[in-house]
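First comes the structure, then the notes that go with it.
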Amino acid sequence: MTGKMGSLRNFFLYKCLFALTFWNHVSLSVENELFTSVSSYFPEDGSDKKVKSLPLLYTNNHQSKANFDWVVIQNTTESLSLSEITNDNVKKLIALLSNFRQGSRLQNLTLTNVSVDWDFLIKIFQTVWHSSIEYFNVNSVTQLSAIKGYYFDYSGTSMKALTMKKVLITDLYFTQDDLYKIFADMNIAALTIAESEMIHMLCPSSDSPFRYLNFSKNDLTDLLFQKCDKLIKLETLNLQKNKFESLSKVSFMTSRMKSLKYLDMSNNLLSHDAPDVQCQWSKSLSELDLSSNQLTESVFECVPVNIKKLDLQNNQITSVPKGMAELKSLKELNLASNRLADLPGCGGFTSLEFLNIEMNLILTPSADFFQSCPRVRELQARHNPFKCSCELQDFIRLERQSGGKLFGWPSAYVCEYPEDLRGTQLKDFHLTELACNTTLLLVTALLLTLVLVAVVAFLCIYLDVPWYVRMTWQWTQTKRRAWHHHPEEQERVLQFHAFISYSERDSLWVKNELIPNLEKGEGCVQLCQHERNFVPGKSIVENIINCIEKSYKSIFVLSPNFVQSEWCHYELYFAHHKLFSENSNSLILILLEPIPPYIIPARYHKLKALMAKRTYLEWPKERSKHALFWANLRAAISINLPMADGNSCGEMH
């Protein structure tokens with residue numbers, strides 16, 4: 001074929017597998033053969049008609065050079081990928097690229113696994129620089145021969161971006177300027193040299209058109225671009241995963257970058273341990289990524305004042321200093337994976353809208369956060385070891401009032417402490433208002449205490465508790481003295497059938513009726529009466545206790561006079577004490593006269609209880625019933641009383 005669409009002759013390439021997977025992308029793997037015509041497989045009109053595959057015929061014999069016709073490839077291919085470039089086939093590659101003059105459709109070129117000498121590598125770049133290629137990607141480059149100076153012609157290029165990854169320099173002894181100057185002075189908008197163990201980069205010789213620089217995953221240090229004032233158009237600088245150590249030096253590096261907007265310094269070794277050093281950042285810097293470094297809270301002394309988005313994730317920050325310089329423009333702050341114990345206030349971030357404090361050490365977030373940060377639209381606080389307490393409940397209540405600003409609520413917010421609540425979602429945690437309101441709790445406790453004191457005081461007065469305390473004390477003291485002075489008498493011997501307790505006003509009935517009928521009648525009942533059996537020299541209380549303890553029963557003659565007698569009350573108390581201490585049934589109540597309930601003093605509650613629960617004998621007014629009364633009384637006190645001294649009934653009297 002002749003003319004513009006003539007046959008493609010003498011296409012010198014080593015054996016290629018040329019597969020067109022998309023209409024605008026061609027991939028070639030260079031090997032060891034030569035090819036012949038392929039033009040008949042392309043549309044003759046040069047249109048963008050889809051071509052699924054492009055077979056290349058190859059031959060081993062060298063043919064004479066002829067005019068190459070690249071119109072078809074130029075009009076149907078925008079991207080070209082070549083791999084396995086070596087010193088053996090690099091000249092053919094350069095010859096191929098030389099045909100893609102400016103104006104052709106090829107814009108994207110990717111070379112993979114390039115292993116050539118320095119001279120050939122530079123010629124590849126120089127050829128690309130004067131082609132139609134705009135985006136040049138080179139992956140896995142190995143430079144074989146010695147590096148030396150080279151005059152590079154940057155003029156008249158279509159290039160916009162160069163990306164180089166995994167570059168290996170085998171020459172260990174070379175002048176750094178010979179290598180870095182070529183890249184530093186490139187007149188393109190974007191340059192990437194990554195994963196290449198690069199330790200240095202020169203400042204451009206003149207004002208550079210660089211808008212984007214990516215030197216990630218290298219070995220660059222704080223010496224980079226110091227005092228460099230040629231990167232005046234640079235907007236994005238990516239230096240993540242290098243070996244920078246000083247945050248202040250990084251700030252000085254950016255101070256002359258007048259257009260810098262985004263800086264990525266993540267995954268370095270940065271710290272700021274020089275609070276006396278004033279940091280100088282680019283005034284145009286609005287986004288700064290300092291994540292995964294070694295920064296503490298001192299970092300806030302070295303933050304660009306005009307920053308809008310700040311990433312401090314995965315550092316060693318324990319708090320946000322309250323006296324820090326105000327960052328009025330800051331809208332997004334990422335403090336995840338630090339050591340914060342509480343939410344930072346917004347005193348220094350008056351425009352903050354997004355805050356991330358996930359995976360910190362926050363137990364109980366401050367309940368006043370949403371009030372102090374009214375502009376915050378989203379708070380990310382997931383995966384903190386929350387302590388379910390009253391303070392946390394206040395925070396939850398405020399979150400509900402904030403209108404759902406808590407990101408990930410409620411599934412990612414669970415109690416860590418106390419252990420019995422671990423795993424409980426915060427939304428299911430509730431405490432009463434009384435348990436959480438300290439003032440209310442104190443007031444309630446005080447009121448309950450006052451009420452309790454008032455009730456106790458009332459009962460003490462109403463039930464005459466001091467009197468009972470005094471009586472108990474006297475009982476105890478009497479028993480102690482008896483044990484101390486007469487330990488041999490502790491094995492008590494009953495001497496009387498009954499002790500009689502009565503009011504002096506009822507003594508006539510006792511002496512004329514009760515005693516004669518019990519002692520002179522059948523059964524030989526021996527009675528203990530205070531007038532004849534109290535021991536002189538002992539206290540009345542001690543005599544009462546001794547008589548009660550030496551008597552099998554205690555007979556109480558009840559009447560309105562009885563309840564008005566103080567000594568009768570003593571005797572009733574001690575007899576009642578014996579009743580419970582010995583678990584005996586020793587009380588006999590005789591109701592001589594009816595007792596109206598209203599005349600019984602409050603302290604006689606035991607008498608009221610006894611009269612309500614125990615059966616008592618009522619003295620009948622009819623004489624015909626007296627015999628039955630005495631029979632019942634004798635039956636109540638009937639017992640075979642062993643006489644310790646062998647006295648008879650008559651001898652007792």
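We count residues from 1, following the sequence as given.
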Keeping [X] on the side-chain end and [Y] on the backbone end, is there a donor-acceptor pair under 3.5 Å?
X: S132; Y: L106; answer: yes
X: D219; Y: T221; answer: no
X: T86; Y: S115; answer: no
X: S286; Y: K261; answer: yes
X: S131; Y: I133; answer: yes
X: N187; Y: Y154; answer: yes
X: Q126; Y: D153; answer: yes
X: N214; Y: S216; answer: yes
X: T296; Y: Q316; answer: no
X: E297; Y: T318; answer: yes

Next on the checklist: Using 30° and 60° as the class boundaries, would you call the ring planes of F215 and F225 parallel, tilted or perpendicular?
Outcome noted: tilted
Once rounded to the nearest 0.5 Å, what's the spacing between atom [atom1] of [X] and atom [atom2] of [Y]?
X: S319; Y: F300; atom1: OG; atom2: CZ; result: 8.5 Å
X: M257; Y: L213; atom1: CE; atom2: CG; result: 7.5 Å
X: D289; Y: Q313; atom1: CG; atom2: CD; result: 8.5 Å
X: R377; Y: L355; atom1: CZ; atom2: CG; result: 13.5 Å

Checklist entry - Which residues pass the ring pair (Phe, Tyr, Trp, His ring centres under 6.0 Å) test with H200, sequence neighbours left out? => result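 Y180.
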Checklist entry - So does R375 pair up with E353, basic N to acidic O under 4.0 Å? => result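 Salt bridge between R375 and E353, a charged N being under 4.0 Å from a carboxylate O: no.
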Next on the checklist: Between the side chains of K258 and D229, is the shortest nitrogen-to-carboxylate-oxygen separation below 4.0 Å, so that they form an ion pair?
Outcome noted: no
Taking the side chain as every heavy atom from C-beta outward, state whether [X] and [Y] have any pair of such atoms under 4.5 Å apart.
X: D119; Y: K148; value: yes
X: L162; Y: F125; value: yes
X: L247; Y: L290; value: yes
X: Y413; Y: Q425; value: no
X: H130; Y: S155; value: yes
X: D311; Y: D264; value: no
X: V414; Y: F386; value: no
X: Y135; Y: S79; value: no

Could you report the tightest heavy-atom contact between [X] and [Y], atom names first, then the distance?
X: N338; Y: I317; result: OD1-N, 3.0 Å
X: L343; Y: S366; result: CD1-O, 4.2 Å
X: L330; Y: K308; result: CD1-O, 3.5 Å
X: K405; Y: P374; result: NZ-O, 3.7 Å
X: T127; Y: I94; result: OG1-CG2, 3.6 Å
X: V376; Y: C346; result: CG2-SG, 4.3 Å

Next on the checklist: In this structure, is the centre-to-centre distance between the rings of F407 and F354 below 6.0 Å?
Outcome noted: no
Checklist entry - Is the centre of the W129 ring less than 6.0 Å from the centre of the F152 ring? => result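 Ring centres of F152 and W129 closer than 6.0 Å.
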Checklist entry - With distance as the sole criterion, is a donor-acceptor pair present between the side chains of Q280 and Q278 under 3.5 Å? => result no
Next on the checklist: Using side-chain hydrogen bond (donor to acceptor under 3.5 Å, both in side chains), reason through S205 and D185 one step at a time and then give a plain yes or no.
Outcome noted: CA-CA 6 Å; S205 303; D185 289 340; 2.9 Å; yes
